[in-house]
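So that the names make sense, note that chain A is the first sequence line, chain B the second, and so on, each numbered from 1. What's counted below: heavy atoms across the whole structure, side chains too, no hydrogens, waters or symmetry copies.
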2 protein chains.
Amino acid sequence: MTEVDDIDHALLRLLRQDARRTFSEMAEKVGLSVAAVKRRVDRLRDIGVITGFTAQIDYAKLGWGIEAFTELRYAGSAPVSEIIRTATVAPEVQAIYTTAGDPDALVSIRARDMRHLQQVIDTLRRAGNVTGTKTLMVMDVWTRSDVDPSPPTRPSATTRPQPAQRPRP
Amino acid sequence: MTEVDDIDHALLRLLRQDARRTFSEMAEKVGLSVAAVKRRVDRLRDIGVITGFTAQIDYAKLGWGIEAFTELRYAGSAPVSEIIRTATVAPEVQAIYTTAGDPDALVSIRARDMRHLQQVIDTLRRAGNVTGTKTLMVMDVWTRSDVDPSPPTRPSATTRPQPAQRPRP
DNA sequence: ATTGAAAAAGATGGCCA
DNA sequence: TGGCCATCTTTTTCAAT
């Protein structure tokens, strides 16, 4: 089954912090051989705990300075697939969260400027049977760098302090 | 200045898809030498376009099956720093988006079950001068794998179809 | 499941066009 | 900048425990 032990959790934390870490570095940190670490990481991917590795990008530096969340309301009971289909029409949509209750979905949007954002929202409104939108402009974002994927059996009331980000060599 | 050309954008797209790609593989795809690709990626990090690399994790498989967004409303005009400080108290908070208007913030939460989520929300309510919360339970998530960090000068009206995920060797 | 070692692949840094 | 080359590090596989 999906058995993930403490060492696996340590590896997950290390890879969350820096996905391009070498197996050798991780091996040293968790006290295993390089081969063992590779096997574990391969297994974490195989069982679907690790779904991928991605680069984090500062979109503002690329000219996409506007970030927003838009709540979508649909007429009647739109199925999830329908919601995702309609919200996918705009390439500026980064992510879609279908939700229970009101609203029906929350979409994350990246745009170059307010005019562009307005166009995206218009597109969403026309894309399906969207009955209403409400948009939240994001001013500032804070993301937890040290995510704590501790086992659910251990209640983990507090966060562990995390060593500073590894400086680039 | 922050000059990012088409090849840089191609590299960003490749690293978004798989942050653990080798320089050799990227070099082949963009038609440059390995050293040139490394130089470009190093530079993209130096100028802050790439802010890091991270592993994508299926938290449900780790026993954290509940995902939610909670809107937070604060009394008066709470400064951003205050909002982030209060929302950070709970380790289950994954991200905080401070927003303009109403609500004042949107926080992304991961919890083991509904009871746990309830505890987190209670913690948030008590953490600062939070006057109200509204929670959206996430049922399904769709994330754009192929983000299009195209230059803002090129309007890019449509999405390009994206080849299937590279199979593991 | 882990280790250790050997072969293959990749990463780095210097130098010149 | 980019390419090339020499060197060093890392990955990957395999036999053995």
Using atom CZ of B:R39 as one end and atom C1' of D:dT1 as the other, report the distance to the nearest whole Å.
6 Å
Each nucleotide N or O in nucleotides 7-11 of chain C that has a protein N or O under 3.5 Å away: list the pair and distance.
{"unit_1": "C:dA11", "atom_1": "OP1", "unit_2": "B:F23", "atom_2": "N", "d": "3.1"}
{"unit_1": "C:dA11", "atom_1": "OP2", "unit_2": "B:F23", "atom_2": "N", "d": "3.0"}
{"unit_1": "C:dA11", "atom_1": "OP2", "unit_2": "B:S24", "atom_2": "N", "d": "3.2"}
{"unit_1": "C:dA11", "atom_1": "OP2", "unit_2": "B:S24", "atom_2": "OG", "d": "3.1"}

Contact summary for B:K61 and A:G48, nearest pair of heavy atoms
NZ-O, 3.9 Å
Quick one, A:M137 and A:L117 - any side-chain contact, counting heavy atoms below 4.5 Å?
yes
Test side-chain hydrogen bond (donor to acceptor under 3.5 Å, both in side chains) applied to A:R39 - qualifying residues, sequence neighbours left out
none
A:D42 has an atom CG; how far is it from atom P of C:dT2, in whole Å?
13 Å
Could you tell me how far apart A:M26 (CE) and C:dT2 (P) are, to the nearest whole angstrom?
14 Å
Before accepting this row, confirm whether a basic side-chain N of the pair B:K134/B:D102 lies closer than 4.0 Å to the acidic partner's carboxylate O.
no
For the residue pair B:L124 and B:V130, what are the closest heavy atoms and their distance?
O-CG2, 3.4 Å
Please determine, for the side chain of A:L32, which listed nucleotide (C:dT2, D:dG3, D:dT1) has the closest atom?
C:dT2
Under 4.0 angstrom, heavy atoms only, what part of the nucleic acid is B:A35 near: base, sugar-phosphate, or nothing?
base
Under 4.0 Å, counting only non-hydrogen atoms across every strand here, what does A:R40 touch: a base, just sugar-phosphate, or nothing?
sugar-phosphate
